Amino acid sequence: MSTLLDVEDLRVTYPTRTGVIEAVRGVSFQLGRERLGIVGESGSGKSQTGRAIMGLTPPQAQVSAKKLAFDGIDLMAASPRERRALRGNRIAMILQDPKYSLDPVMSIGRQIVETLRAHERVSKAEARERALAMLEAVQIRDPARVFDLHPHEVSGGMGQRAMIAMMLIAGPELMIADEPTSALDVTVQLDVLKILDKLVAERGMGLIFISHDLRLVSSFCDRVIVMYAGKVVEQIKASELRNAQHPYTLGLLDCMPRIDADRHPLPVLDRKPEWAA
Amino acid sequence: MSVADNQAAAGRGSAQAVAVLSAIGRFLAIAVTTYLGLLAVTFFIGRVIPIDPVLAVLGDRAPTAVVERTRREMGLDLPLIEQFYIYVKSALSGDFGTSVLTTNPVMADIRRVFPATLELATLGTIIGAVIGVPLGVLAAVKRGSFIDQIVRIIGLIGYSVPIFWLGLLGLVLFYAKLQWVAFPARLDVVYEYTFTPITGFYLLDAAMQGQWDVFYDAFRHIILPAALLGYFSLAYISRMTRSFMLNELTQEYIVAARAKGLSETRIIWGHALRNAAVPMVTVIALSYAGLLEGSVLTETVFSWPGIGLYITNSLQNADMNAVLGGTIVIGSVFIAINLFSDLLYRVLDPRTKAR
Ligand SMILES: Nc1ncnc2c1ncn2[C@@H]1O[C@H](COP(=O)(O)OP(=O)(O)OP(=O)(O)O)[C@@H](O)[C@H]1O
Ligand SMILES: [Mg+2]
């Protein structure tokens, strides 16, 4: 398996007046053309890890890594310009809530076309054609109509599919999906996931799937990273999840509701300071 | 497209037409109500001030019989409600009576002086927006930088220094000392009598007639007051742009735009500013209306023969027809600017279309 992304000892810190916040503290993993899940509780540093790989941390953030390489390109040494050329083109990211992550005053079609034209020299007509094809690929039934709609005119599920189209149109090799379905109605979550899954498989992309939901991640990904307080506490194949060793992972597993058993009292997630050390 | 699709599209089209029509209807209703309110207020002011309109016309030594006759002629013996009805009717047809001071119909006077005010305020607003918006954008993007400090200082001066003081200072420096600009008036005396305005906007009129010497002269007269108004408008617009932009730049769609690999230029001017433009419309309209309202001060300092100066002179001579007529015209323009900015807001923000 060739390595698409190589992360070693990634750290993201925020200097503040009251001290340094360490959002990510030495995360390491490798990724091929496979699906990697990152789970962990809120604030464990999942999003910050994804954004550091994209080069999208805010200016006050300090990012360091022993190694951060995408397809042999040293991202730590790359200029802002080189990183921008990668974004949307070879590495893309899907954000959580289409209600906020689509520009409210620009039509959906133009937002999709915009990604393409940022990276390729294509004519207006061709860009439109490809955007329509992309809308069809995310199973939007009436692409020509949706092309001209504005984000507020579509449902959450439709908006997130438009988001996927917008991020996939330039043909990236790595996709970072940061809780792509958490903001959606449960009834459409699965549809959107299936579409994402299918496209990732068809195009042979690498996927980093960030989620709270261990069960979802384990059914959807090949491998799972469990994060706690900015660190990786466990890295395991999804199929071997039930053999997990780390007490935090076990705790997460134990928290999942079961249909077959009545659970009283509900288990509470254990947190021990020594796991964060 | 199938037949069903076409029908659906047609249905959407007519639904949209209905929405537009109802929006226009609502605008008109608002405009009419506001205008009536304005008339009621001015009518009321005209009745309560301690100036007898009959005596203002006749002087206080006219015989009682003449006074009584004139009072009847002016309809002042009628019940108040009837007087108001007549007042509204004549105001709607643009008849504000005759000015005691100039002996012209007030409307004719206003038609002469109002373009001067509009020209000045429009130029001031253009200066304010063209410089203020980019300045505000840069201040927001480079927060805490040198340019951000400049915007802060400009805003501080704009808020704290009175307009007439800065105006006098400008006159002393650029007219009296440096002689860069012309003396306070609209044109040199030479041109006052040779130049025939068409619209009343001298710059426009001179350009349309190809009289470039007049254009240059008008420019030398207007530039200082326009720059001054532009400064105040710029101070306000740049600060508001800055804060709207700061708000937009923290939104998630900006992160998404970066994730797409767009250039910073495109993100700032194509996405963030395009979104900030929606509330900016109201700000610029307010600033424009503010310049019209403030015209009394500026026009006095610069002897600018506009409606502000006209109202001031009329007020000093108890010429109530002129004062009320002028007030109504300024008020009407206020209403028009507000309605227009509301419309533009709807055009710029697709989210308002559905409603
Ligand atoms: N701009 C910032 N300044 C300071 N600290 C920050 C900033 N952004 C993030 N952090 C910190 O980084 C930590 C990790 O945040 P992150 O968003 O990666 O969490 P997460 O695992 O994605 O959580 P969630 O599941 O809620 O999305 C948080 O504890 C937060 O306090
Ligand atoms: Mg997150």
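Note that the structure is predicted; figures quoted are calculated from it, not measured. Each chain gets a letter, A, B and so on, in the order the sequences are listed, and its residues count up from 1.
Between B:P350 and A:H150, the shortest heavy-atom contact is CG-CD2, 3.4 Å.
Counting heavy-atom pairs closer than 4.5 Å to chain B, the top residue among A:S107, A:A170, A:P104, A:P172 is A:P104. The choice from A:K99, A:M166, A:E114, A:Q96 that makes the most heavy-atom pairs within less than 4.5 Å of chain B is A:E114.
The environment of B:F219 atom CZ is sparse: at most 12 non-hydrogen atoms of other residues, nucleotides or ligands sit within 6.0 angstrom. For CZ of A:R90, the number of neighbouring non-hydrogen atoms (other residues, nucleotides, ligands) closer than 6.0 Å is greater than 12. Annotation: A:Y100, atom OH; neighbour count of heavy atoms from other residues, nucleotides and ligands within 6.0 Å does not exceed 12.
Against chain A, the residues from residues 229-266 of chain B that qualify, each with a non-hydrogen atom under 4.5 angstrom away, are B:E252, B:Y253, B:V255, B:A256, B:R258, B:A259, B:K260, B:G261, B:L262, B:S263, B:R266 in number order. The interface of residues 132-159 of chain B with chain A, defined by heavy-atom distances below 4.5 Å, is empty.
Once rounded to the nearest 0.5 Å, the distance linking NE2 of A:H152 with CG of B:D349 reads 8.0 Å.
Put simply, the side chain of B:H271 reaches to within 4.5 Å of the side chain of A:M106, judged on heavy atoms.
Residue contact with chain B, scored on non-hydrogen atoms closer than 4.5 Å, involves the backbone of A:L102 exclusively. In this structure, no portion of A:R117 lies under 4.5 Å from any heavy atom of chain B.
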